[in-house]
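Chain letters run A, B, ... following the sequence lines, proteins first and then strands; every chain starts at 1.
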Amino acid sequence: MCGRYAATANPEELAEEFDVEVLADGVSEVAGARFNIAPTDLVPAVVERERGDAVTRSLVPLRWGLVPSWAKAPTTTMINARVETVTEKPAFRKAAAARRCLLPALGYYEWRSEVRPESGPKAIKQPYFLAARDGLLAMAGLYEFWRGPDGWLASTTIITTTATDDLGWVHDRMPMSVPREAWDDWLDPALTDAAHAVTLLRPPALATPYPVSRAVSRVGNDGPQLIDPLPE
DNA sequence: CCAGACGTTGTT
DNA sequence: GTCTGG
DNA sequence: CCAGACGTTGTT
DNA sequence: GTCTGG
């Protein structure tokens, strides 16, 4: 699955890379060097919205953890959506048909329960970093709006699938990615056939996972050292 | 009809 | 909002 | 995802 | 054990 990730590109780099026309208010505060993005954080996302008869591609901040429009209060549980069922589940299917997004990432983390020499007989949760092979992972996301007492909340979830054989030893789920040639269709709000949209998705091209410091396990920690390979 | 759920993951 | 279970 | 909190009454 | 916060 994907429950923690790194994204380091600044707004200008993302605008260039994804052909974004508009940088939304607040997005400069959430896009930049971040190595420990956690659920409930605001994350940079690429979306397309219709304004009049024109479609505008924007970089916007979204809260990670999708809150359905009918939710009584914001929740954190829907950080992932299974690709196998995303077009059917009431919480996701409208977003799958109308509100798809891209979540740019450098890579993401997985934890494995391991017994290590220095930890004695007890298992520890060892984090691994899974880096995009070419330095940019466009994760497939959905977003949704929720109206609370203090206004609108826009939130997002990452679509997941079964891990490929080479990654299964770390974890049995992984995020779906959107290949560059499919970005336009994936984002196009006129493409309302969700079942077709998910056929655009592919497993991400990742480097070999490697263990990193457990510092990443604390959400308050950040910095490039979090993705340094763990010394022996 | 109304009431209640609506999600994923990991772990045991 | 919409579907499912009762 | 992981880390950290989790609570009220009556009184040793 | 389970929920909340980040």
Side-chain angles (χ1 to χ4, degrees), chain A residues 1-7 29-30 34-44 61-99 103 105-116 119 122-131 137 139-148 152-163 167-176 192 194 198 201 204 206 209-223 226-227 230:
Chain A
M1 80 153 314
C2 187
R4 207 72 76 82
Y5 71 98
E29 285 84 76
V30 306
R34 300 175 64 196
F35 296 85
N36 199 357
I37 295 172
T40 72
D41 284 355
L42 291 173
V43 300
L62 299 176
R63 180 192 197 260
W64 185 15
L66 187 140
V67 182
S69 60
W70 39 257
K72 292 180 185 70
T75 50
T76 355
T77 52
M78 301 183 191
I79 63 172
N80 297 129
R82 297 174 63 91
V83 72
E84 298 91 333
T85 53
V86 73
T87 61
E88 303 155 20
K89 296 290 183 185
F92 299 130
R93 61 185 205 171
K94 282 188 177 172
R99 285 178 298 279
L103 301 168
L106 180 68
Y108 65 99
Y109 301 92
E110 295 288 7
W111 279 259
R112 234 167 58 107
S113 195
E114 293 181 1
V115 177
R116 292 192 153 258
S119 68
K122 288 183 225 156
I124 58 153
K125 287 184 176 178
Q126 174 60 54
Y128 286 76
F129 190 62
L130 296 89
L137 175 57
M139 297 190 291
L142 307 176
Y143 64 102
E144 187 57 90
F145 296 101
W146 178 81
R147 192 174 64 77
W152 290 92
L153 173 69
S155 61
T156 187
T157 190
I158 298 169
I159 299 180
T160 63
T161 190
T162 305
L167 297 177
W169 63 273
V170 183
H171 196 76
D172 64 345
R173 305 289 296 174
M174 66 181 182
M176 274 293 205
T192 56
V198 297
L201 305 180
L206 300 170
Y210 60 87
V212 295
S213 160
R214 287 161 72 198
V216 72
S217 298
R218 294 180 186 270
V219 292
N221 293 336
D222 200 354
L226 294 183
I227 64 169
L230 189 67

Is there a side-chain contact between [X] and the phosphate of [N], meaning an N or O under 4.0 Å from OP1 or OP2?
X: Ser69(A); N: dC6(B); answer: no
X: Arg82(A); N: dG7(B); answer: no
X: Thr160(A); N: dT9(B); answer: yes
X: Arg93(A); N: dC6(B); answer: no
X: Lys89(A); N: dC6(B); answer: no
X: Arg214(A); N: dC2(D); answer: no

Take the protein atom [atom1] of [X] and the nucleotide atom [atom2] of [N], then report the distance between them rounded to whole Å.
X: Glu114(A); N: dC2(D); atom1: CD; atom2: P; answer: 13 Å
X: Leu142(A); N: dT8(B); atom1: CG; atom2: C1'; answer: 14 Å
X: Tyr109(A); N: dT9(B); atom1: OH; atom2: P; answer: 20 Å
X: Ile79(A); N: dC2(D); atom1: CD1; atom2: P; answer: 9 Å
X: Gln126(A); N: dC2(D); atom1: CD; atom2: C1'; answer: 13 Å
X: Asp172(A); N: dT11(B); atom1: CG; atom2: P; answer: 10 Å
X: Leu130(A); N: dC1(D); atom1: CG; atom2: P; answer: 14 Å
X: Trp64(A); N: dT8(B); atom1: CH2; atom2: C1'; answer: 12 Å

Earlier contact from the 5' end, DNA chain B, for Ser113(A) and Val83(A): Val83(A)

Look at all strands and tell whether [X] reaches a base, only sugar-phosphate, or nothing, counting heavy atoms closer than 4.0 Å.
X: Asp41(A); result: nothing
X: Arg63(A); result: nothing
X: Trp111(A); result: sugar-phosphate
X: Leu66(A); result: nothing
X: Pro39(A); result: base
X: Phe92(A); result: sugar-phosphate
X: Thr85(A); result: sugar-phosphate

Side chain of [X], heavy atoms from C-beta onward: which of [options] has the nearest atom to it?
X: Arg173(A); options: dG6(E), dG7(B), dT9(B); value: dT9(B)
X: Lys94(A); options: dC1(D), dG1(C), dG6(E); value: dG1(C)
X: Lys125(A); options: dG7(B), dT11(B), dG6(E); value: dT11(B)
X: Arg4(A); options: dT2(C), dG6(E), dG7(B); value: dG6(E)

Heavy-atom pair with the smallest gap, counting every atom of Pro44(A) and Val30(A): CD-O, 3.7 Å

Whether Tyr143(A) and Phe145(A) hold their rings parallel, tilted or perpendicular, with breakpoints at 30° and 60°: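 Because their plane-to-plane angle is over 60°, the rings of Tyr143(A) and Phe145(A) count as perpendicular.
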
Aromatic plane relationship, Tyr5(A) with Trp64(A) - under 30° parallel, 30 to 60° tilted, over 60° perpendicular: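 Taking Tyr5(A) first and then Trp64(A), their aromatic rings stand perpendicular (interplane angle over 60°).
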
Rounded [atom1] spacing from [N] to [M] in Å:
N: dC6(B); M: dG6(E); atom1: P; answer: 27 Å
N: dG7(D); M: dT11(D); atom1: C1'; answer: 16 Å
N: dA5(B); M: dA5(D); atom1: C1'; answer: 28 Å
N: dT8(D); M: dG5(E); atom1: P; answer: 15 Å

Test salt bridge (charged side-chain N to carboxylate O under 4.0 Å, His left out) applied to Glu110(A) - qualifying residues, sequence neighbours left out: none

Backbone of Trp146(A) reached by a side-chain donor or acceptor of Trp152(A) within 3.5 Å: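 No.
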
Contact check, side chains of Leu142(A) and Arg99(A), non-hydrogen atoms, under 4.5 Å: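 Side-chain contact under 4.5 Å: no.
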
Heavy-atom check, side chain of Arg214(A) versus side chain of Ile124(A), under 4.5 Å: yes

Base partner of dC1(B), which must satisfy Watson-Crick or wobble distances under 3.5 Å: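 Partner of dC1(B): dG6(C).
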
